[in-house]
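Let me begin by presenting the structure, written as structure tokens, before commenting on it.
As the structure lists them, so they are numbered: ligands from 1, and atoms in each ligand from 1. Because the structure is predicted, anything quoted here is derived from the model rather than measured.
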Amino acid sequence: MGITLRGGSVFDPDIGSQVRTDLRLADGLISSPEEHEPNDEVIDVTGLLVTPGLVDLHTHVFDGQDLGLSPDLVAAPSGTTTLIDAGSAGGHLFGAFRFAAVDRSAARIRAFVNIASIGTTSIRLGGELRTSAYIDDGVAVECIERNRDIAIGVKVRASGDVGGENSLEALRRARRAADRVQLPLMVHLGPAPAAIDDIADTLRAGDILTHAFTGWEDNRIVLGGRLRPSVREARQRGVLLDIGHGMSGFSSAVARALIDQGEFPDTISSDLHTYSRSLVVDLPTVLSKLMGLGMSLDEVLMRATLAPARTAAMADGIGTVRPGAPADVAVFRRVHGPVTFTDGFGGTSRGSERLEVVLTIIGGRIAFDARADMIKETR
Ligand SMILES: [Zn+2]
């Protein structure tokens, strides 16, 4: 027996737009609507938006750790079915991360391994790179080799507030680790050092700059209102710009300047963690915010489904609605009306629409269901 989502507007990342069609799920996979069987559960999603389950490229879901949120709290209620943890765990705590998050969550979880063996242990630590003994590419490489099934790259928070003068050395060692395991390097952008030009010059095709639209004075990707030459060159090489909203990872002023010039981010992620949650809210809110700043619905959905799935080298079909792909699906209501968004730099922006999650299905099972609330509201 399967589930047929009937009458929705289905966003198909393979064509980059929406199609009015039924979507059938059976045996944990997306199947063809023609295979509909009489005893299928039929869910009427007329007037609703159906998308592949969202893929969030930057989260912190090391449950039980200071920054870590419960993955099941972050994923299904946000229409998100795949979470990428952005370096909460370093090599010396990765086993605990696997036990606390990956093994226990309904959502699919992958992770970047922090170049610091202790990971982002505590916000009180003031940065995992302060003590140079923790910056260890050997530990990161060994960890990735042992966890190839879920470890998808190396993360370094190469900024002054995390590593002080150690930041450049950490960046160099993270580069070395990523090269040794042949996986992407994700670098976060914060206050210098490292300077944005040093970071941009370090990154290669497939690497990721996260918090790319941040608003740190003197260390942002915008220079004189335009994309910095070093970042422009990096993009031409195939370096990817990720949002990673978080507490201080997103400035609406920077975003507005870039989006107005057609410089869109490659992926849109939340950087949800214990301390950013009240500002970020969830990934659909970040998508709505970027729509308010000038991107279309299809453009933001692409960057939270297939684009991050490709960046994280997810198995075939994740982030799509192809027949045979895992049945990870989200259903949203498009709520029209004026909405005001805030960023972490005191800036605000406006929008005219927000996305509200109605249903989340992970591997063919309903993991979140707000249909009852919706019926009550419309009465
Ligand atoms: Zn983060």
Given S276 and H245, is the side chain to side chain donor-acceptor pair (under 3.5 Å) satisfied, shown in steps?
CA-CA 9 Å; S276 71; H245 189 297; over 6 Å; no
Determine, step by step, whether D56 and T80 satisfy the side chain to side chain donor-acceptor pair (under 3.5 Å) criterion, reporting the C-alpha distance in whole Å, the side-chain angles of both residues, the deciding distance to 0.1 Å, and the verdict.
CA-CA 7 Å; D56 195 339; T80 306; 5.3 Å; no
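A cation-pi arrangement is found for R104 relative to F99, the charged atom lying closer than 6.0 Å to the ring centre and inside a 45° cone about the ring normal.
Between R334 and E356 there is no salt bridge, since no side-chain nitrogen of the basic residue lies less than 4.0 Å from a carboxylate oxygen of the acidic one.
Tally of protein N, O or S atoms closer to the Zn ion (ligand 1) than 2.8 Å: 3.
Relative orientation of the H60 and H58 rings is perpendicular, given thresholds of 30° and 60° on the angle between their planes. Between F213 and F250, the ring planes are parallel. Angles under 30° get that label, and only those over 60° would be called perpendicular.
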